[in-house]
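By convention in this document, chain letters (A, B, ...) are assigned in the order of the sequence lines, proteins followed by strands, and residues within each chain are numbered from 1.
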Amino acid sequence: MKRFALPLVAFALLVVLLAAGLRLDPREVPSPLIGKSVPAFALPRLGGDGATFAPADALRGQPWLFNVWASWCTPCLQEHPLLMDLARTQRVALIGLNYKDRADDALRWLARHGDPYQATLVDADGRAAIDWGVYGVPETFVVDAAGTIRFKHVGPLTDDVLQRQVLPLLQELRR
Amino acid sequence: MNAWRALLAAALAVHLLAGAQPPREARPLADDPVVEARLVAIAAELRCLVCQNESLAESRAPLALDLRREIRERIGQGASDSEVREFLVARYGDFVLYRPPVTPRTWALWAGPFVLLAVAAAVLAAAVRRGASRGAALSPQEQRELDALLASDAPREERR
């Protein structure tokens with residue numbers, strides 16, 4: 001009986017290791033930008049006159065949320081009510097990045113579902129998004145008052161992520 | 001039946017002859033074959049983050065097209081291979097490389113299989129040695145049992 005102890009323990013450890021590995025989602029690539037400064041960029045605003053807006057400069061001194069979305073993206077619609085709620089109840093600036101979309105489609109989408117953003121920037125060819133390490137839509141970033149990226153969420157925001165990670169972080173950043 | 005087939009053959013012939021053109025060379029996809037060759041060499045070692053089991057060179061995902069465009073531009077601007085890789089790793093992390101860098105964090109990943117192999121070899125060696133030592137001299141009791149068994153074997157053979 002004692003002979004089986006060591007292989008059994010080794011097997012049990014292996015099961016634990018593999019189970020932990022199976023729970024990880026390879027689609028959630030951890031961002032190397034956490035802790036780094038926001039990339040410097042300026043983009044035209046959606047529905048604007050073409051004048052560019054640079055959030056890194058304009059929003060220095062307050063924490064802000066950066067949400068990458070597109071009118072062709074179904075999960076974006078999933079998280080939209082949460083964003084609308086966030087914009088209404090929290091005093092945090094929400095900046096949208098319209099990713100590889102058409103301006104009239106985007107405007108129509110916002111008109112139809114509501115516009116939670118202080119400003120939506122247009123990234124028609126996706127170049128600015130690459131600087132943020134965006135590889136899918138939607139993605140949401142939390143940036144602190146000093147312009148450092150503190151958190152990234154890949155995929156649609158859920159109530160769980162909001163309550164457990166985003167809102168506590170925002171509270172901490174506002175102090 | 002024959003009439004229909006004849007009609008079909010005729011229609012096919014007309015269709016094919018009408019569209020006949022001399023064969024042309026397919027237009028190359030890229031302007032600069034040298035840059036493209038470097039692009040493919042670099043991108044083949046990078047992971048496409050959308051279709052994660054494809055390399056950046058072969059993936060047709062929109063993000064892959066965008067990233068290949070970025071790489072092509074950087075090569076055109078004179079970036080070295082490692083600069084291009086750094087550009088992508090800075091934005092997407094080590095996961096974008098198919099060859100993870102050898103750092104303290106990835107030491108377990110690189111050495112793991114060899115360590116497991118060494119452990120397995122050690123266990124195997126120990127087991128073999130234990131088995132071999134057990135097959136050595138029999139105790140006197142075991143020798144007597146063996147003799148008894150051998151002796152009883154002979155009559156049983158004859159009885160058959």
Side-chain angles (χ1 to χ4, degrees), chain A residues 2-11 13-14 17-18 20-21 24-41 66 68 70-73 75 97-102 123-139 141 149 151-152 154-155, chain B residues 43 46-56 59 61-74 77 79 84-98 100-101 103 105-106 108-109 112-113 115-127 129-131 134:
Chain A
K2 238 191 302 172
R3 284 174 48 202
F4 297 116
L6 183 60
L8 202 60
V9 167
F11 177 68
L13 285 176
L14 201 61
L17 182 71
L18 293 176
L24 298 173
D25 185 356
R27 306 226 148 260
E28 298 196 356
V29 179
S31 174
L33 292 171
I34 310 274
K36 300 263 173 47
S37 286
V38 161
F41 70 112
F66 191 58
V68 184
S71 65
W72 45 261
C73 153
L97 184 75
N98 189 229
Y99 179 71
K100 299 183 81 167
D101 207 350
R102 290 185 20 201
D123 187 11
D125 54 10
R127 274 176 207 268
I130 290 180
D131 278 339
W132 284 79
V134 170
Y135 63 96
V137 238
E139 290 186 4
F141 297 81
I149 299 176
F151 176 75
K152 173 181 178 183
V154 172
Chain B
L46 297 172
R47 189 192 309 268
C48 171
L49 290 157
V50 179
C51 333
Q52 292 181 340
N53 58 345
E54 279 190 322
S55 77
L56 202 59
S59 172
L63 179 70
L65 295 170
D66 288 348
L67 288 177
R68 283 202 294 269
R69 180 192 61 205
E70 289 283 322
I71 297 177
R72 202 177 286 128
E73 285 179 9
R74 274 159 195 276
Q77 288 163 4
V84 169
R85 270 193 287 269
E86 258 174 52
F87 170 80
L88 286 169
V89 170
R91 284 152 183 75
Y92 293 99
D94 290 336
F95 191 59
V96 76
L97 298 171
Y98 267 139
T103 68
R105 260 182 63 203
T106 56
L109 181 66
V115 168
L116 277 177
L117 194 63
V119 166
V123 167
L124 185 65
R129 226 176 301 126
R130 223 180 316 137
R134 223 182 300 132

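Using a 4.5 Å cut-off between heavy atoms, A/K100 touches chain B through its side chain atoms alone. For B/A90, the part lying near chain A is the backbone, with the side chain staying farther off; criterion is any non-hydrogen pair under 4.5 Å. For a residue to count as touching a neighbouring chain, one of its non-hydrogen atoms must lie under 4.5 Å from one of that chain's; by this rule B/V89 touches chain A with the backbone only.
Environment of OH in B/Y98: crowded, with over 12 heavy atoms of neighbouring residues, nucleotides or ligands closer than 6.0 Å.
Pairing each heavy atom of A/P32 with each of B/G93, the nearest pair is CG-N, 3.2 Å.
For the atom pair CG (A/L33) and CZ (B/R91), the distance works out to 7.5 Å, reported to the nearest 0.5 Å. Taking CG from B/L67 and CD1 from A/I130, the interatomic distance works out to 4.5 Å, rounded to the nearest 0.5 Å.
Proximity of a side-chain donor or acceptor of B/Y92 to a complementary backbone N or O of A/V134 within less than 3.5 Å is detected.
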